[in-house]
Amino acid sequence: MTRPPVPGAPGAVISQSGELRSARLESIRAVAALAVLFGHASYALPLSTPEGLRTGMAGGLLGVDLFFVLTGYLLFWPFLRAATSGDRVDLGRYALNRAVRVLPLYYFVVVVLLVVQHGGGTFEQWWRFGLFAENFSDTTLEKVDAPMWSLVVEIHFYALLPLLGLLLARTARRGLAFGVGLVAILGIASLVSWQALVVGDPEPQDQWKFSLPGRFWLFSAGMFVAFARLAWAERRPAFLRGWGASPAVWWIAAVGLWAVAAWHPQLEALTAPAGFLLVGSCVLLGAASDPVTRTLDWRPLALIGVASYSLYLWHVPVLAAFMNESLTDFSLPTRGTNPALVATAGIGVSIAIAAASYALIESPFLRLRRRWARGTAPQRDSA
């Protein structure tokens, strides 16, 4: 009896520097990046703006949580698949892929901003940003380019994954239960610490808030998408019938959870199940098609996802320039800024610069990955 195919991310594909990618997953990246962009653009709203509108736009900053969930799925899946099939992940190639994906653009942006925006920068800025240590000092945390803190967390997750993969490989004979239990324990411990040290602390612990231990609960949500993908390949659960098989239903539930988290920051933990539903709708529902999936297959949206890393790193300096704000004080609402100007010119210029940055900086390095790829194109849902 042949094993049924593992559901991946069906639908349209899009090329990223010669590699075929799932348009739907790239559109998820676009949704996350655009949410963060609009969240930061909310700082331009005048103080007279209705609180509901300001809160709703600022809630877009939770888009970074979706990035973590997506990373958890995309990077954990090859390790899980290898552990359960007896294969090995080439750690050298894994490290090279991560390096060419993250480092060139990161260092380019750091150098430009330190030289242009910070008058050459300080010695501490250079060595901390050079070593991805900016999250461990109040003098550099969320400074220079505020979104960069999340890259430090991602780098630490990249380093943790091979260890988790080794544990899974050595316990593969026990089935998925050990892996699910391990990730669940780590995720719950992370969430409990988050609630205690960040949500429940009158003086939140910033170093914990911006760390992998403090955020692992988000990565674990994406890792559970990978577990579900593997488990449901053998037997799809009964609830994936009727309405349960509709991506629109999953998205309505996810958006509802996200809205609650946006209006009630103490409930940010809801972004984990919301992220599971958003990513899972692309990965676990097979060839289901409805308005949601057709929107995610829309090429312009997927193209923004392809360039989302550039958009993520460049949008704060661009918006800060339109607001006449320093990058250091960018976290404060502004007075006297024309919100229409920021919404149109600032957001539009951010997307245009992201496209140019992708073409000129990201793409040449991403093409290097094809030199050590096994085939002409990797899996469509690869990271």
May I ask you to check whether Phe129 and Tyr106 place their ring centers less than 6.0 Å from one another?
no
Flag, side chain of Asp65 to backbone of Thr271, donor-acceptor distance under 3.5 Å:
no
What's the verdict on side-chain contact (heavy atoms from CB on, under 4.5 Å) for Glu142 and Met148, showing C-alpha distance, side-chain angles and the deciding distance?
CA-CA 7 Å; Glu142 290 195 290; Met148 282 184 174; over 6 Å; no
Heavy-atom donor-acceptor pair, Ser357 side chain to Ala354 backbone, under 3.5 Å
no
Just by distance, do the side chain of Arg21 and the backbone of Val13 share a donor-acceptor pair under 3.5 Å?
no
For Glu154, enumerate each residue passing the salt bridge (Lys or Arg N to Asp or Glu O under 4.0 Å) test, keeping only those at least two apart in sequence or located in another chain.
none
Heavy-atom count around Phe108 CZ within 6.0 Å, excluding the residue itself: above 12?
no
For residues Leu218 and Val64, determine if any side-chain heavy atom of one lies less than 4.5 Å from a side-chain heavy atom of the other.
no
Candidate pair Leu277 and Leu257, rule side-chain contact (heavy atoms from CB on, under 4.5 Å), full reasoning
CA-CA 10 Å; Leu277 291 170; Leu257 291 171; 4.2 Å; yes
Is there a path of hydrophobic side-chain contacts, each under 4.5 Å between heavy atoms of I/L/V/M/F/W/Y residues, joining Val112 to Leu313?
yes
Establish, from distance only, whether the side-chain atoms of Trp298 and Ser27 form a donor-acceptor pair under 3.5 Å.
no
Establish whether Trp194 and Leu267 are linked, either directly or via other cluster members, by ILVMFWY side-chain heavy-atom contacts under 4.5 Å.
yes
Of the non-hydrogen atoms in Tyr312 and Pro147, which two are nearest, and what is the gap between them?
OH-O, 3.2 Å
Closest heavy-atom pair and its distance - Leu91, Pro162
CD2-CB, 4.0 Å
Shortest non-hydrogen contact from Leu176 toward Ala231
CD1-CB, 3.9 Å
Gln16 backbone acceptor or donor facing Glu19 side chain under 3.5 Å:
no
Would you say that Arg29 contacts Leu74 through its side chain, given a criterion of any heavy-atom pair below 4.5 Å between the two side chains?
yes
Find the distance between NE2 (His156) and CZ (Phe132) and round it off to the nearest 0.5 Å.
9.0 Å
With clusters defined by side-chain heavy atoms of hydrophobic residues (ILVMFWY) lying less than 4.5 Å apart, directly or transitively, does Val255 cluster with Trp263?
no
Given the rule in the side-chain contact (heavy atoms from CB on, under 4.5 Å) test, do Val152 and Trp149 qualify, once you have shown the distances and angles that lead to the verdict?
CA-CA 6 Å; Val152 178; Trp149 72 264; 5.8 Å; no
Answer whether the closest heavy-atom distance between the side chains of Ser310 and Ile353 falls below 4.5 Å.
no
How long is the span from the CG atom in Leu141 to the CZ atom in Phe136, to the nearest 0.5 Å?
10.0 Å
Any donor and acceptor pair, going by atom type alone, linking the side chain of Ser190 with main-chain N or O of Leu186 inside 3.5 Å?
no
Can you tell if the side chain of Arg229 reaches within under 4.5 Å of the side chain of Leu80, non-hydrogen atoms only?
no
Are Tyr107 and Ile361 linked, directly or through other ILVMFWY residues, by side chains that come within less than 4.5 angstrom of each other?
yes
Verify the cluster assignment for Leu360 and Leu113: are they in a single hydrophobic cluster under the rule of side-chain heavy atoms below 4.5 Å apart?
yes
Can you tell me how far CD1 of Ile347 sits from CG of Leu311, rounded to the nearest 0.5 angstrom?
9.5 Å
Only one of Phe76, Tyr73, Phe276 forms a side-chain contact (heavy atoms from CB on, under 4.5 Å) with Met223, so which one is it?
Phe76
For the pair Ser137 (side chain) and Glu134 (backbone), establish whether a donor and an acceptor sit closer than 3.5 Å, ignoring hydrogens and angles.
no
Output, in order, the C-alpha distance, side-chain angles, deciding distance and verdict of side-chain contact (heavy atoms from CB on, under 4.5 Å) for Val192 and Ile188.
CA-CA 6 Å; Val192 169; Ile188 292 171; 4.2 Å; yes
Which pair of non-hydrogen atoms, one from Ala269 and one from Trp217, has the smallest distance, and what is that distance?
CA-CZ3, 3.5 Å
Going by the ring-ring contact (aromatic ring centres under 6.0 Å, His included) test, which pairs reach into residues 79-101, not counting sequence neighbours?
Phe79-Tyr94
Would a 4.5 Å heavy-atom cut-off, applied to side chains only, mark Gln117 and Val144 as touching?
no
What I'd like to find out is whether the side chain of Phe365 reaches to under 4.5 Å of the side chain of Leu103, using heavy atoms alone.
no
Side-chain touch Leu230/Trp77, heavy atoms, less than 4.5 angstrom:
yes
What is the minimum heavy-atom distance between Gly59 and Ala262, and which atoms define it?
CA-CB, 3.8 Å
More than 12 heavy atoms of other residues, nucleotides or ligands under 6.0 Å from CZ of Arg170: is that the case?
no
Distance (rounded to the nearest 0.5 Å) between Arg128 CZ and Thr140 OG1:
5.0 Å
For Gly120, does its backbone N or O pair with a side-chain atom of Trp126 as donor and acceptor, under 3.5 Å?
yes
Donor-acceptor contact below 3.5 Å, side chain Thr71 vs main chain Phe68
no
Once you round to the nearest 0.5 Å, how far does CH2 of Trp251 lie from CH2 of Trp258?
9.5 Å
Enter the distance from Leu285:CG to Ser281:OG here, rounded to the nearest 0.5 Å.
6.0 Å
Here the pair of heavy atoms bringing Val306 nearest to Ser15 is CG2-O, 4.3 Å
Heavy-atom distance under 4.5 Å between the side chains of Phe216 and Phe157, does that happen here?
yes
Heavy-atom donor-acceptor pair, Asp90 side chain to Arg93 backbone, under 3.5 Å:
yes
